[in-house]
There are 2 protein chains.
Amino acid sequence: MTLERTFRALADPTRRAIVEQLGSGPATVGSLAAPHPMSLPAITKHLRVLEAAGVVRRDRRGRTIVCTLEAAPLREAESWLADRRLFWSATLDRLERLLGADSPADRGHADTKEQDG
Amino acid sequence: MTLERTFRALADPTRRAIVEQLGSGPATVGSLAAPHPMSLPAITKHLRVLEAAGVVRRDRRGRTIVCTLEAAPLREAESWLADRRLFWSATLDRLERLLGADSPADRGHADTKEQDG
DNA sequence: GAAAGTGTTAACCGAATGGTTAACTATGGT
DNA sequence: ACCATAGTTAACCATTCGGTTAACACTTTC
């Protein structure tokens, strides 16, 4: 599944940093590796994971390789999260009150405080 | 980092299914386990991962345990993706043209070839 | 065509993941 | 008290992950 690969790819902080860097535009493998205190093969592996998820594309360009961010999988992941949000924003509060009414235990967050942002 | 735990939690299909089910409202551990062809301890572990990420909350309720979806981490993950999107939608095309102008090799995504999959 | 530059592949390693079964804890019902 | 219900914890196992070093491959330059 694409979602699985995408979320797993984004789970690693190094790979997220790579994606963030690619947000400033395409970059070579070397320049992507530079900020990270690890060997080049490690970066190669991370890029393979990102590429397998479809998040980045790699194009040979002379003797360097240029990596570019690919939109589709990130968009798909965002959509999945957005679908979940349809719930939290609206339904959550109502359902929790239903639960709370049945047994007023110390779950204490339903009526007095709201940590929404 | 919260983002790391959140993305890692969502990387597993079973855990995503749990989150989706919780989108219909709070549920007991048993009812969350029912749809999945695995043992209860496996589900317990998945719930611990989701709880560690702050994605679900567990409240004892008699001899059952009610799990509820928690908004904050999902919102944070969605925000991270949304920030990335600021790039793909607008800047990508322009940057790629800059790159392409420098050396018109067959980076071929614009008009001729497309190996996307 | 040999040397240097840019990445990848291969082999290996320790730690984390995702699952199992068996034993245990905790609550509720009789 | 005793038993059933609902979940967790413990111990274990195979696989995957994230990193390493060493060797290889492709491109450019001299």
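Given the structure is predicted, the values throughout are model-derived calculations rather than measurements. In the text below, chain A, chain B and the rest are named by the order of the sequence lines, each starting its count at 1.
Nucleotide D/dC17 holds its C1' atom 14 Å from the CG atom of A/Leu50, rounded to whole Å. Distance CZ (A/Arg48) to C1' (D/dT16): 15 Å, rounded to an integer number of Å. If you measure from atom CG of A/Leu40 to atom P of D/dC24, you get 18 Å, rounded to the nearest angstrom. In this structure, CG of A/Leu47 is placed 14 Å from C1' of D/dG18, rounded to the nearest angstrom. One interatomic measurement links the two molecules: CD1 of B/Ile65 to P of C/dT27, which rounds to 10 Å at whole-angstrom precision. B/Asp59 places its CG atom 16 Å from the C1' atom of C/dT27, with the value rounded to the nearest Å. In this structure, A/Ile43 atom CD1 and D/dT20 atom P are separated by 9 Å, rounded to whole Å.
For B/Arg48, the CZ atom sits in a loose shell: 12 or fewer heavy atoms of surrounding residues, nucleotides or ligands are nearer than 6.0 Å.
Residue contacts shown for B/Thr64 are limited to sugar-phosphate atoms, with no base heavy atom under 4.0 Å away.
Using a 4.5 Å heavy-atom threshold, the side chains of A/Leu81 and B/Trp80 count as separate.
A side-chain donor-acceptor contact under 3.5 Å links B/Arg16 to the backbone of B/Ala11.
Distances were taken from every side-chain heavy atom of B/Pro41 (C-beta onward) to each of C/dT27, D/dA10, C/dG7; the shortest belongs to D/dA10.
Residue A/Arg60 places no side-chain N or O under 4.0 Å from the OP1 or OP2 atom of C/dG7. Contact between the side-chain N/O atoms of A/Arg58 and the OP1/OP2 oxygens of C/dT8 is found at a separation under 4.0 Å. The side chain of A/Thr44 contributes an N or O atom lying less than 4.0 Å from OP1 or OP2 of C/dT8.
Rounding to the nearest 0.5 angstrom, the gap separating the CZ atom in A/Arg15 from the CZ atom in B/Phe7 is 12.0 Å.
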Give each protein N/O atom lying under 3.5 Å from an N/O atom of nucleotides 1-4 of chain D, with the pair distance.
none

Heteroatom pairs (N/O) under 3.5 angstrom, protein to nucleotides 16-19 of chain C:
{"from": "C/dG18", "atom 1": "OP1", "to": "B/Arg15", "atom 2": "NH2", "distance (Å)": "3.4"}
{"from": "C/dG18", "atom 1": "OP2", "to": "B/Arg15", "atom 2": "NH1", "distance (Å)": "2.9"}
{"from": "C/dG18", "atom 1": "OP2", "to": "B/Arg15", "atom 2": "NH2", "distance (Å)": "3.4"}
{"from": "C/dG19", "atom 1": "OP2", "to": "B/His46", "atom 2": "NE2", "distance (Å)": "2.2"}
{"from": "C/dG19", "atom 1": "N7", "to": "B/Lys45", "atom 2": "NZ", "distance (Å)": "3.0"}
{"from": "C/dG19", "atom 1": "O6", "to": "B/Lys45", "atom 2": "NZ", "distance (Å)": "2.1"}

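With sequence neighbours left out, A/Glu4 forms a salt bridge (charged side-chain N to carboxylate O under 4.0 Å, His left out) with A/Arg8. By the side-chain hydrogen bond (donor to acceptor under 3.5 Å, both in side chains) test, A/Arg63 is found to be paired with no residue, residues two or more places apart in sequence or in another chain being considered. The side chain to side chain contact (heavy atoms under 4.5 Å, CB included) test applied to A/Ala34 returns no partner, not counting sequence neighbours.
In summary, B/Arg85 and B/Asp83 do not engage in a salt bridge, as defined by a charged side-chain N under 4.0 Å from a carboxylate O.
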Side chains of residues 25-32 of chain A: which donor-acceptor pairs under 3.5 Å do they make with residues two or more places apart or in other chains?
{"from": "A/Thr28", "atom 1": "OG1", "to": "A/Ser31", "atom 2": "N", "distance (Å)": "3.2"}
{"from": "A/Thr28", "atom 1": "OG1", "to": "A/Ser31", "atom 2": "OG", "distance (Å)": "3.3"}
{"from": "A/Ser31", "atom 1": "OG", "to": "A/Thr28", "atom 2": "N", "distance (Å)": "3.3"}
{"from": "A/Ser31", "atom 1": "OG", "to": "A/Thr28", "atom 2": "O", "distance (Å)": "3.0"}

